[in-house]
Amino acid sequence: MLRAVSHSLLNISAATLRGLVSWFESNKREMPWRNTRDPYRIWVSEILLQQTQVATVEPYYNRFVKTFPNVEALAKAPLDKVLKVWEGCGYYARARNLHKAAKQIVAMGGKLPQSSHELRKLAGIGPYTSAAIASIAFGEAVQVLDGNVERVIARVTCEEGFITEKSVHSKLKATAEVWMQAAVKAELSPGALNESLMELGATVCKPREALCSDCPLKKVCVARKTRDDVTELPRKPVMQTTPHYDIGAAIVRKNGRILITKRPEKGLLGGLWEFPGGKKERGETLEECVRREMREELDIQVEVGTQIASVKHAYTHFKITLHCFECKHVGGEVKLLHVTDAKWVRPSELRNYAFPKADRVVLDILTNS
DNA sequence: AAATCGGGGGG
DNA sequence: CCCCCAGATTT
């Protein structure tokens, strides 16, 4: 055990690390947040980049910093507006926590904390993000260990253990720490080492394709030397298949307006608006499901008309097909039984509200027909 | 330690 | 169409 770690520690030379960073300097992709030193913008970019690819993040980042140019602007904005800018980007707890942390920072005097330890205390900032901001924005010698860096180190050190095991994770982290110390001794900047390793993982040492001939670490990579297929590392347990649900949803119309409801602040799609509805139960038709959901969630009676859309969508732990029906409101005043808010909205105003992706598809069908 | 929490891209 | 990706928080 000790030997495996020691081996990788002793083998990373200043020259190799310099080669890595200079590879990065000449191969790095252009990104909007790489043109700024503003810690606020670097923070926003790192939150958006959690679980999300660079190409997806770019338009969201540009819109976000234009709408909320600094911590104060973000802190004083209503959450609904923050969610609207985040609409479609997923993992909405990130937006809620970013907003919450902005308020925390303003309460602390308006300046972002500069150490990874202090950053870690803010909502939505965990081990990865605190290290990323501290190293990139403030030059702290703290290593990041995101999925890219884990993969690069697992391959370079030929770590065969399952990535989900704590001991394996600790080993990779220990190696990353030693590399960081070696980089500091070689007078390389901590942020540059971290960005180099992440960029290498994203563009060369990729999950299902390793472009080893382009890799600045190819001479020291143990997996490349000893294995047929480096992409088998890091090892991961097989994922189990996810359940599928049919959802019945209603476009309830009254006096030219459509009824939308707001989801609870916590949990799945928290704080977003949607067309009311819910899971179809066994032995129930979609039409019966819609009538039942309108009764249970809102205490209204509807007449279910034609189906206007059937949208498939995959979440992290299950899949849905959203079946959407035109409905006529025929009785009952709306009561907030299982929703936090409800509004009758003109079709042209629907786009002012933040909807989940599946509902956005329905909305597009609705307004383009 | 395991489950929750989106949406995009690739084969 | 299915499979893969992966950081923070909650349980």
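Lettering follows sequence order; numbering is per chain, from 1. Hydrogens, waters and symmetry mates play no part in the numbers below; they use all other heavy atoms, side chains included.
- For the C1' atoms, the distance from B:dG6 to C:dC3 is 16 Å, rounded to whole Å.
- Within residues 115-146 of chain A, no residue has any heavy atom closer than 4.0 Å to DNA chain B.
- Side-chain contact annotation: A:His169 with A:Glu150, donor-acceptor N/O pair under 3.5 Å present.
- Looking only at atom types and distance, the side chain of A:Ser115 has no donor-acceptor partner in the side chain of A:Glu140 under 3.5 Å away.
- Taking atom P on both C:dA8 and B:dG9, the two are 23 Å apart, rounded to the nearest angstrom.
- For B:dG9, the base has no donor-acceptor partner in the side chain of A:Thr56 [N/O atoms by modelled type, under 3.5 angstrom].
- Using a 4.5 Å heavy-atom threshold, the side chains of A:Leu286 and A:Lys280 count as touching.
- Across A:Val21 and A:Ser196, no two heavy atoms sit closer than the pair CA-OG, 3.6 Å.
- Separation of the C1' atoms belonging to C:dG7 and B:dG10 is 22 Å when rounded to the nearest angstrom.
- Aromatic pair A:His313/A:Tyr315: centroids less than 6.0 angstrom apart.
- Note on A:Lys206: nothing from the nucleic acid sits closer than 4.0 angstrom, heavy atoms only.
- Electrostatic pairing of A:Arg34 and A:Glu195 counts as a salt bridge here, judged by a charged N lying under 4.0 Å from a carboxylate O.
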